Every structure is written in structure tokens, then in C-alpha cells.
Amino acid sequence: MEKQVESIVRQVVEDVLRKKGFAKNERRQLVIANWKMNMTLEKAEVFLEQLCDNGENRTNDVVICPPYTLLYPMNKLLQKRSKTIGLGAQNLHTAHEGAHTGEISAAMLKELDCQYVIVGHSERRAAGETDGMVHEKIKRALEIGLNPVICVGETIEQREQGFTNEVVNHQLLQALEGINDFSKLIIAYEPVWAIGTGRSASPDEAQTVHEAIRLTLSEICGTDSEAMPILYGGSVKPDNAGILSNMKDIDGFLVGGASLVANDFQKIVGTLRKGMDS
Ligand code: 13P
């Protein structure tokens, strides 16, 4: 019975989307580099030089999220080298300000010209970040005009027990409860078992979850969901990005390891453009 209801809802959503003619290539496509705790200023300079020399500065679909310590110099470098590559942080604190040693607030990121911030990455969730904290961080980001990149994803145990959609839907519902400005949201589906393992989700596995996410988003925010990019992350490499980017509900990537090598990252960005053209 539940399955039947789900299938009817899915059909209605698909009909609405079709009638409205909202196709993948009308949604924003983007590739975000999550450098995690990697890179030095020297390496970042070389990376950016290579990326921009290869013509990357004509795109507006690339965002780099360096460690906090590189945000200031990266902002300066980007001002010189590229008018279009966006700058993002990997985290922010739930509070506006206060006695939180070692933490960074949304306002501090805004001051460094960040436009994006990753929220709820599984590596942070593993370090104690709860759904409630993710929700607060999204609010802080939106209040100040940052685009939150909201990460969701299941562990291998949850997948094997058949709970993937439940886990991801729960994370989304908790994250977005009471939020009513959806225009800045970016969702990233990152199965925990695919991160840094070299074992990406297959295109069909990823598409299935992305489709479920889009359905949940449509229930949360109605037609606003249609414009929301859903990125895939987890062992994205130049050789699997093309086939993943051809999937209907994959609007780009959140890239870890392969974003540290300009040439690889560039190839990933290139496959996305092909996906758009096709
Ligand atoms: P990898 O691309 O190294 O698997 O990392 C993915 C990720 O965690 C991006 O946020």
C-alpha cells in the first residue's frame, strides 16, 4: 500500500515536472572541490594557475572549498585569476559569535567573500555533528546569504539493511524543517561507503537515490525543488564522472581526492559540460 502511494506521488511529481518542462539542463550544474585538510598556499597557487591556464576561468560552475587557513589568500588569488570560480568553506559554527574556541562563524566566512559552505559532511557527522546542528548551520548560512551545500548519505550497513532512502530522507527533513528560503540550497548525496574508498556508487545506484531526494524535496518545498541542484560525491574521478553526469537527476559533483589535482578536476568539470550538451 505504502509503495502504491509512493508510486502515485512520484508519477504526479513527474507529470508536474514534465508539464512545466523543467529539464536537467535548466537546473544549475556545478562541480565543487572539497579539499578537506589538504593543500598549502604554494600548492593552491600552482593548482589555480593550472586550472585557469587551461581555460577554466570562463565557467561559472566551479567552486573551491579550501581549508579555513587558505580562504583569505584564495579569495585574493581568485580575484586576480578568475571572475567565475566560487569560493566556499568546509564548515561553520551554529552560533553567531561567542566563546567557541577554534570555531568560525557565518559572518567571518562572508567577510572573506565566501559564497558557499559545506554543511553536514559525513566526516563532520562522524565527529559528532547532529541533524539538529546541521539545521542550525543551514540557518546561519542563509541568514548571511551563503549557499549551504547540504550533505546527506548512508553508511554501508544502512544500505545493506535497505534503509538508504529512509536515512537520506530523514537527514533532509531534519535539515530543512522550517526553512522557507530554498533558492540558495544545494544538496550533495555522498554515500559514506563511497567516500575516499575508490568505490563510487554506480550510475544507477546514484540516480535511484537522487530521484528519491528530488521527490522528498518536492514534498518539502514544492516546485522550488525543481531548480535545486543535487550533486553526487564519493570517489568521483575523471573516468566515472562522464557516465554519472549523464544521469537525469545528477546535477554535478562534490569532489574530494580528485579535486587536489588540477588536471583531474578539470576533466571532471569537462564531463559535466558534455552531460549538459547531450
Ligand atoms: P572523495 O572524492 O575523495 O571520495 O571524497 C568525496 C567527499 O567527501 C567530498 O566531500
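What you see is a predicted model, and the numbers here were worked out from it, not measured in a lab. Counting starts at 1 for both ligands and their atoms, in listed order.
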How about Glu177 and His135: does a side-chain donor come under 3.5 Å of a side-chain acceptor? no
Check ion pair Glu211-Arg214 (N to O, under 4.0 angstrom): no
Non-hydrogen atoms of Gly233 versus ligand 1: any pair closer than 4.0 Å? no
Considering only heavy atoms of Leu254, which atoms of ligand 1 have at least one such atom less than 4.0 Å away? 9 (C), 10 (O)
Non-neighbouring partners of Thr69 that pass side-chain contact (heavy atoms from CB on, under 4.5 Å), sequence neighbours left out: Pro67
Does Ala194 come within less than 4.0 angstrom of ligand 1, counting non-hydrogen atoms of the residue? yes
Check ligand 1 against Gly234 and write out every atom of the ligand that is under 4.0 Å from a heavy-atom position of the residue. 4 (O), 6 (C)
Side chains of Lys43 and Asn38: donor-acceptor distance under 3.5 Å anywhere? no
Side chain or backbone of Asn34 under 4.0 Å from ligand 1, or both, or neither, by non-hydrogen atoms? side chain
Atoms of ligand 1 under 4.0 Å from any heavy atom of Ser235, numbered from 1 in the order shown, are 1 (P), 2 (O), 4 (O)
Could you tell me whether Arg125 and Asp131 have a side-chain N and a carboxylate O separated by less than 4.0 Å? yes
How far apart are the closest heavy atoms of Tyr116 and Gly86, and which atoms are they? CE1-CA, 4.4 Å
Would Gly196 count as a polar contact of ligand 1, with the cut-off being nitrogen or oxygen pairs under 3.5 Å? yes
Judged on heavy-atom distance to atom 7 (C) of ligand 1, which of Arg199, Lys237, Glu190 sits nearest? Glu190
Do any nitrogen or oxygen atoms of His121 lie less than 3.5 angstrom from nitrogen or oxygen atoms of ligand 1? yes
Salt bridge (Lys or Arg N to Asp or Glu O under 4.0 Å) partners of residues 146-156, not counting sequence neighbours, each pair once: Glu154-Arg159
Polar proximity ligand 1 side, Gly257 side, N/O cut 3.5 Å exclusive: yes
Could you identify the single nearest non-hydrogen protein atom to atom 2 (O) of ligand 1 and state the distance to 0.1 Å? Gly256 N, 2.9 Å
Is there a polar contact between ligand 1 and Lys36, counting only N or O atoms under 3.5 Å apart? yes
Between Glu136 and His93, does any side-chain donor sit less than 3.5 Å from a side-chain acceptor? no
